[in-house]
Amino acid sequence: MDDAEARERIAGAAEDLYYRKGFSAVGMDEIRSSAGVSLRRLYALFPSKDAVITEVLARRHAQWERGLAEQVSQAGNDTRRRLLAVFDYLDGWFRDPAFRGCAFINAFGELGGTRSHVAAIVRDHKASFQQCMTELVRTAGGSELLAAQLSILAEGAQSTAAIGEDPSSAAQARLAAEVLIAHETSREAGGTQAESTRHESAEFDPNKPCAPE
């Protein structure tokens with residue numbers, strides 16, 4: 001077994017153990033045993049438990065971004081459907097029997113108060129999701145406020161699904177998202193109509209359609 005394979009086996013074993021049992025409950029010896037490597041090999045590749053945790057969270061971040069991007073892509077070019085695809089992704093995740101909540105929220109709850117680098121990793125992950133949502137909303141012509149609201153819905157659904165063991169949290173959050181998106185759309189449409197009416201009365205030309213400046 002070369003170093004790349006050993007590293008993958010260790011990271012995979014640690015990810016599974018941490019997610020099922022918690023970060024604090026799992027020691028290096030249990031990871032070594034599950035991965036099928038010697039303790040010496042484990043420490044040669046990951047000098048500390050913090051190094052393993054960092055690797056596991058990096059894997060989780062990549063999985064999240066890849067899965068979310070695939071779900072949004074499947075929604076096609078309809079901007080509303082692309083926004084709601086975020087909640088469809090959550091729905092599928094929550095219904096996975098292995099679902100134990102957000103690994104980043106779990107890590108922050110266990111380690112955020114004593115390991116500042118873990119807290120920083122979690123904040124970076126959440127900021128990345130916020131940025132993703134902001135870009136989706138901006139493409140749909142929505143506001144930063146809507147992006148923040150949809151992000152909070154998604155984050156809240158994750159905690160509610162984990163604590164309440166209820167996958168329907170995603171569907172409920174999706175319904176709330178539909179209301180917010182519809183409100184934003186109607187507000188924008190009303191503003192556009194009012195602006196168009198003002199512009200028409202000021203510069204009406206029967207030979208060409210009215211258009212904003």
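Counting heavy atoms from C-beta on, the side chains of H183 and L146 never come closer than 4.5 Å. Residues R123 and F108 form a side-chain contact, since some pair of their non-hydrogen atoms from C-beta on lies under 4.5 Å apart. Between D78 and R82 the shortest side-chain heavy-atom distance does not fall below 4.5 Å. Taking 4.5 Å as the limit, every side-chain heavy atom of Q71 sits out of range of all side-chain heavy atoms of V86. Two residues are said to be in side-chain contact when any heavy atoms from C-beta on lie closer than 4.5 Å; F129 and E155 meet this criterion. A 4.5 Å side-chain heavy-atom check between Q172 and S168 finds at least one atom pair inside the cut-off. Residues H125 and R60 fail the side-chain proximity criterion, which asks for heavy atoms closer than 4.5 Å. Side-chain contact between I121 and F104: present, with at least one pair of heavy atoms (C-beta onward) separated by less than 4.5 Å.
When all heavy atoms of A119 and G112 are compared, the closest pair comes out as CB-O, 3.8 Å. Residue A85 comes nearest to V72 through the heavy atom pair CB-CA, 3.9 Å, listed as atom of the first residue, atom of the second, then distance. Of all heavy-atom pairs between V37 and R32, the closest is O-CG, 2.5 Å. In terms of heavy-atom proximity, Q158 sits nearest to C102 at OE1-CB, 3.3 Å. Scanning both residues, L57 and A103, for their nearest heavy atoms gives CD2-O, 4.4 Å. Residues G36 and M1 share a closest heavy-atom pair of O-CE, 4.3 Å.
The distance from atom NZ of K126 to atom OG of S151, rounded to the nearest 0.5 Å, is 10.0 Å. Rounded to the nearest 0.5 Å, atoms CZ (R9) and OG (S34) are 9.5 Å apart. Atom CD1 of I152 sits about 10.5 Å away from atom CE of M133, to the nearest 0.5 Å. Rounding to the nearest 0.5 Å places CZ of R66 at 11.0 Å from NE2 of H61. In this structure, CG in D88 is found 11.0 Å from CG in L83, a value given to the nearest 0.5 Å. Annotation: the span from L45 atom CG to R40 atom CZ amounts to 12.0 Å, rounded to 0.5 Å.
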Salt bridge (charged side-chain N to carboxylate O under 4.0 Å, His left out) between R174 and D91, worked out
CA-CA 9 Å; R174 191 185 195 279; D91 187 70; over 6 Å; no

Could you go through F87 and W93, starting from their C-alpha distance and side-chain angles, then the distance that decides it, and tell me whether this counts as ring-ring contact (aromatic ring centres under 6.0 Å, His included)?
CA-CA 10 Å; F87 300 92; W93 181 29; over 10 Å; no

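Under the 4.5 Å side-chain contact rule for hydrophobic residues, Y43 and I10 share a cluster. L90 and L136 end up in the same hydrophobic cluster when Ile, Leu, Val, Met, Phe, Trp and Tyr side chains are linked at under 4.5 Å. Put simply, L17 and L42 are part of the same group of oily side chains (I, L, V, M, F, W, Y) that touch within less than 4.5 Å, one to the next. In this structure, Y19 is not a member of the same hydrophobic cluster as I105, with clusters built from ILVMFWY side-chain heavy atoms closer than 4.5 Å.
Residues R115 and D50 are paired through a salt bridge, judged by an N-O separation under 4.0 Å between the basic side chain and the carboxylate. Using a cutoff of 4.0 Å between basic side-chain nitrogens and carboxylate oxygens, D16 and R20 are scored as salt-bridged. Taking 4.0 Å as the cut-off between side-chain N and carboxylate O, R59 and E8 count as a salt-bridged pair.
The aromatic rings of F99 and F94 sit tilted, their planes meeting at an angle between 30° and 60°.
Atom CD of E30 has more than 12 heavy atoms from other residues, nucleotides or ligands within 6.0 Å. Annotation: E165, atom CD; neighbour count of heavy atoms from other residues, nucleotides and ligands within 6.0 Å does not exceed 12.
In this structure a side-chain-to-backbone donor-acceptor pair under 3.5 Å is present from S169 to D166. Checked by atom type and distance alone, the side chain of T134 pairs as donor or acceptor with a backbone atom of Q130 at under 3.5 Å. In terms of modelled atom types and a separation under 3.5 Å, the side chain of E55 and the main chain of A11 share no donor-acceptor contact. Listed for the E15 side chain is no donor-acceptor partner under 3.5 Å among the backbone atoms of V56. No donor-acceptor pair closer than 3.5 Å links the side chain of S33 to the backbone N or O of D29. The backbone N or O of V52 sits nowhere less than 3.5 Å from a side-chain atom of Y18 that would complete a donor-acceptor pair. Formation of a donor-acceptor pair under 3.5 Å by the T185 side chain with backbone atoms of I181 is found in this model. Checked by atom type and distance alone, the side chain of R100 pairs as donor or acceptor with a backbone atom of P97 at under 3.5 Å. A donor-acceptor pair is defined here as one N or O able to donate and one able to accept, closer than 3.5 Å; no such pair exists between the side chain of S73 and the backbone of A69.
Annotation: cation-pi geometry not satisfied between R41 and F46 (NZ/CZ under 6.0 angstrom from ring centroid, within 45° of ring axis).
Residues E70 and Q74 have side chains that never bring a donor and an acceptor to within less than 3.5 angstrom of each other.
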